[in-house]
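Written below as structure tokens is the structure these notes are about.
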Amino acid sequence: MAAERGARRLLSTSSFWLCCLLLLGRRASGAAATRSGSPPQSPESSIRTFTPFYFLVEPVDTLSVRGSSVILNCSAYSEPSPKIEWKKDGTFLNLVSDDRRQLLSDGSLFISSVVHSKHNKPDEGYYQCVATVDSLGTIVSRTAKLTIAGLPRFSSQPEPSSVYAGNSAILNCEVNADLVPFVRWEQNRQPLLLDDRVIKLPSGTLVISNATEGDEGLYRCIVEGGGPPKYSDEAELKVLPDPEVVPNLVFLKQPSSLVRVIGQSAVLPCVASGLPTPTIRWMKNEEALDVESSERLVLLAGGSLEISDVTEDDAGTYFCIADNGNETIEAQAELTVQVQPEFLKQPTNIYAHESMDIIFECEVTGKPTPTVKWVKNGDMVIPSDYFKIVKEHNLQVLGLVKSDEGFYQCIAENDVGNAQAGAQLIILEHAPATTGPLPSAPRDVVASLVSTRFIKLTWRTPASDPHGDNLTYSVFYTKEGIARERVENTSRPGEMQVTIQNLMPATVYIFRVMAQNKHGSGESSAPLRVETQPEVQLPGPAPNIRAYATSPTSITVTWETPLSGNGEIQNYKLYYMEKGTDKEQDVDVSSHSHTISGLKKYTEYSFRVVAYNKHGPGVSTQDVAVRTFSDVPSAAPQNLSLEVRNSKSIVIHWQPPPPATQNGQITGYKIRYRKASRKSDVTETLVTGTQLSQLIEGLDRGTEYNFRVAALTINGTGPATDWLSAETFESDLDETRVPEVPSSLHVRPLVTSIVVSWTPPENQNIVVRGYAIGYGIGSPHAQTIKVDYKQRYYTIENLDPSSHYVITLKAFNNVGEGIPLYESAVTRPHTVPDPTPMMPPVGVQASILSHDTIRITWADNSLPKHQKITDSRYYTVRWKTNIPANTKYKNANATTLSYLVTGLKPNTLYEFSVMVTKGRRSSTWSMTAHGTTFELVPTSPPKDVTVVSKEGKPRTIIVNWQPPSEANGKITGYIIYYSTDVNAEIHDWVIEPVVGNRLTHQIQELTLDTPYYFKIQARNSKGMGPMSEAVQFRTPKASGSAGKGSRLPDLGSEYKPPMSGSNSPHGSPTSSLDSNMLLVIIVSVGVITIVVVVIIAIFCTRRTTSHQKKKRAACKSVNGSHKYKGNSKDVKPPDLWIHHERLELKPIDKSPDPNPIMTDTPIPRNSQDITPVDNSMDSNIHQRRNSYRGHESEDSMSTLAGRRGMRPKMMMPFDTQPPQPVISAHPIHSLDNPHHHFHSSSLASPARSHLYHPGSPWPIGTSMSLSDRANSTESVRNTPSTDTMPASSSQTCCTDHQDPEGATSSSYLASSQEEDSGQSLPTAHVRPSHPLKSFAVPAVPPPGPPTYDPALPSTPLLSQQALNHHIHSVKTASIGTLGRSRPPMPVVVPSAPEVQETTRMLEDSESSYEPDELTKEMAHLEGLMKDLNAITTA
């Protein structure tokens, strides 16, 4: 190269010519760099040369013993002198404050006293020497392994034996492999001299060949590996004369497979015994070995083969053949030779300029194949776009920058060892310009051709030099956003174009161009931004990719040429990766197959192949996975332990080898055990599968046994554990009872731990399997630790400082735990202050999502404004409900600023708070947020449903129940279903609605001696819940009569009769009246009826105008009938309609008792049921009532209620009001209140007050004077909240002409009790300021003193006109306002006078009313109510 020629002339030419040649060489060649030998320089600058910097001495693998001193040599050369440091296992050692390890003057590491124990091995490991020169860089040495010999332990010891004269004898002495160099032998307590006849094998075994009588004696081996020497057992060797019986030919020692490093010595032992004395010969790979003519092969005493200075050619299979003339035996072994890494080509020093590309070459060999890694200034080089491993081992650096300068080392490593070789990189400054003009920037730089992988740039000459024949150009380019620039030079002066290769598709690059003349580099052009084209002409995937394992550490991959190559395939790149890792490696391959070596055993790898053509990489193949072959385990099982069961059995426990060393599927374990006194008598037991324990039985009493375990794969047996000893019991201990209490317990508290120590129970005859340690703050039952029976102390860790702990200790065996021993201790206080708490979250909000889900959100003021969590903090959300009061908090952790709390109860108020935790710091709980979950339909039926008969009323029953246990909201009502057929469809059952939260209901007029079935369903705002199970109840048989089989209906319990006399349980009139009295009553009733009819007719004719008719029609539109039990369509004669002005109902919101629980269901009278009483109508009345059996008319409800609602100054609690029919799409329930109110208290209130004391009723025969009536009505007026005033409608109409029910009801009562003075008009007070505007119809007294049954609030079913009329009445269901609350409203329906149980005067007076008009209107009203009924039932 011209650059090299120019550099050589540097020593003999002037600096001017040197500079010219250097520039000419760099421009002409476009070389990436200048190799070592001659540094380019500028005339004005000092010469930068490569600085010699290398290791004179590197540390080597060293074996040492505990307590001895070790020197790891290291020395490096440099000017100035380097600074030496040491790494152990990759971490720098701090030798300043280390009193055992120190740095010697030459850089070596001196360890004064090696520390090594079973659990503490601070000195054993891999050491590396690091040399640094501040102005140059850093280099690292090879790594050296320091091995510390373990404690002397004999795995086999010499045993007494005998040998025939002339034969060979073997005395075993197996110790740790690293202690073999420290083994020596003694005969009769005197050092044994070794010679050609008596040798020590590398394993420590003593071989005596051609035995003589002088070999008799006591032999023992000694290990002197640091500390006092350890002696083995003595064994006597006897030399016997020739026997009478010729013994068979046997091997005393057979060769075993061996691995040796090139240059070491290998000994293949082979010792045989027999008569005649056998001869030993060796073969290798079926060829006889000529031991005598070889300088490296030696036949040792007994026949063992020693190979010195092993080479790779010595590897192979060796056969030992013993022959004594009578018979021949043979044994074989494999010798494997490994080679340390060696450099075939070492990296060389390089000069380079910034933006150039360089390659450090490194070629190594070794066996197994070494792996190569690169280190720059002591730090690992990680491959990237600008640092690439090419041609397997070479390092390519693209786009040099100043920081790339330094020392680069190639480190090769395999199982045998490692080696390093380095080189220096110097980044040169560009030569400064000489005196003279420099070119300006090139003009019009453009990308004339843009492809996927290359870009062609063209430009014009600088304005300063229009011709530009002598100018050269450099194109600098880089990826957008990358600091490294690469450079491409033009190939000849005057050339104004260049093609940049090896770009990436669809990538943006920045280009700039500089011109150079003989004076130096000129100005740079403006940056040009160009994006390469997307890839199109790329190879397709390579077909038929296959991978298969060829050995436990290698896999071969094959493939074929891609079908769509898009041009000639230049090479392939094979990518492979260990499954479960994310580190993919690759290798360049030029053929269609490749074998990857150095893989892990029995490990799965994935492979893929990418083909390359001139455009770059193509489409990757799919991954193929394959697992390397299994091999024998490379490590022993772990945690071997022995448990003595009794005098004849021992249980052995172990754990599998570490997963990385199993090298396959563990198929079983091999257990070997023997008596400690007899080393050769070994018993083997195989355990198949994954069993990790085995009971060894049939052992001798009081005998020590050694055990070891090895793991098995299908490939064979792995290494075994060290021998572990245990001694069987001399006699079987007692295990029929628990151990006694330990004899002592001591505790020593520290800050966060307590050291517990103890002594075993005094009674040693009971088996102790171990000890159980319990501990906790204030109680020893929080934590329990179990330890082995041999253990006498234990440290309890991770305790709280300054806390009082109670500790208990119990011995246990297979029967159980013994008596505990208690002790307490207080841990010491913590001196380190607690970390400052964090700020609690703020703005906690609860967003209700459903009946069981609430989203909690919050903010964290300790986060940045964008509230982005970038650290490991987490949040704890806690929540609880106060019902019941002792509910515990529930917690959940979250890593975001919200959490979805699920599984909550419906319609329940919860409180939430949040805290934040980061490391050991936590905040306090935030302020609480509250949220109530949405309601849900009841998920359980009402419970404890009971049905009882009402006392004295066999046809009336009372249903009681309890709310559902899972109401899931406020219960707004119940529906009672009952039927005589339990199997009937549910829509065929009779419905009884109950509004509110009442828990009892009364149903009347059931059929006697009939079984009924009842179900109850609860409702809340979300809907209906499930039905309860059916409850059966049979009504009682008939228990009373009223005259000729007829029965007077019950009067409401609110009525207190002002009379005395015998009370019939059913309210029947007494049958003791004579017939004369009956005739008088009948005549009186007829006369009074005629007078009343005439008066009413005249009054109605005057009062009825078109305006009142319209209002009456509007009011009647809210009334109707609904049908659950009957289907009668009879049109009944109109009821008596009475209108009074300025009568008001004053509604109130609540009754005196806000929780009424008793209701009843009356059969209200239809306004059309009230007909005049005469002989011609008797049958009609009877038939009509039969046809309307169970038919409850809503208009009668409204009229009666309206009349009741007009009592002056009467108040009605809403909870007891009967809702009236409303034109609405909502179902409507009847709040079943009595329709006939006299001087009664609030119906539903248990604390009702009665106007007349039940102890002083009026006599039957006593007349009631006008003053009495006035008193009675005044009592009504002055009694606060004595009656329930039902609202008749949610519509307000007819308010100016409502019927004076408040007046008429009291008047009726008074008149009905008079015997002879019934013609006088009773009065009722409306308001004190209003004149009396009402009137009453005088009534004929009944033919006998009726009696009344004071019972639960109930309604008389049907009035009895005459004794000979048996009126049938049946309980019906009604639809009311289920689930909706309505305030009391003024009565709006034209009303008829209250029907009195004791009189039938209204029915007598109906004959004088206008039947045609009212009949039509009532028929229209009944049609409306049928429509309403259809809506509500749907």
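Sequence positions, counted from 1, serve as the residue numbers for this chain. As a basis for the values below, the full set of heavy atoms in this structure was taken, side chains included, without hydrogen atoms, waters or symmetry mates. Quick caveat, the model's predicted, so the values are computed rather than measured.
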Under 3.5 Å: donor-acceptor pair, side chain of [X], backbone of [Y]:
X	Y	result
D89	Y126	yes
Q424	T51	yes
S620	V610	no
D631	N663	no

Measuring from atom [atom1] of [X] to atom [atom2] of [Y], what distance do you get when rounded to the nearest 0.5 angstrom?
X	Y	atom1	atom2	value
Y54	Q409	OH	CD	14.5 Å
I426	E405	CD1	CD	6.0 Å
T507	E531	OG1	CD	7.5 Å
I411	M380	CD1	CE	7.0 Å
W86	L72	CH2	CG	5.0 Å

Ring centre gap for W459 and Y473 strictly below 6.0 Å:
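Ring centres of Y473 and W459 closer than 6.0 Å.
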
Is it the case that the side chains of T556 and T595 hold a donor-acceptor pair, with the cut-off being a distance below 3.5 Å and no angle test?
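T595 vs T556: donor-acceptor pair found between side chains.
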
Ignoring hydrogens and geometry beyond distance, is a side-chain donor-acceptor pair present between E485 and T478 at under 3.5 Å?
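T478 and E485 do not have a side-chain donor-acceptor pair below 3.5 Å.
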
Decide if atom CD of Q622 counts as having more than 12 heavy atoms of other residues, nucleotides or ligands within a radius under 6.0 Å.
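Open.
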
Of all residues at least two apart in sequence or in a different chain, which pass the side-chain contact (heavy atoms from CB on, under 4.5 Å) check with S451?
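S451 satisfies side-chain contact (heavy atoms from CB on, under 4.5 Å) with F454 only.
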
Show every salt bridge (Lys or Arg N to Asp or Glu O under 4.0 Å) that has at least one partner inside residues 335-351, sequence neighbours left out.
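Salt bridge (Lys or Arg N to Asp or Glu O under 4.0 Å) check on residues 335-351 returns K345-E361.
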
Sort out for me which residue in S474, S525, S524 forms a side chain to side chain donor-acceptor pair (under 3.5 Å) with R512.
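Of the listed residues S474, S525, S524, the side chain to side chain donor-acceptor pair (under 3.5 Å) partner of R512 is S524.
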
Between R546 and E560, is there a salt bridge with N-O shorter than 4.0 Å?
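Salt bridge: no.
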
Aromatic ring pairing F53/F407, orientation class (parallel under 30°, perpendicular over 60°, tilted between):
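Aromatic pair F53/F407 classed perpendicular.
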
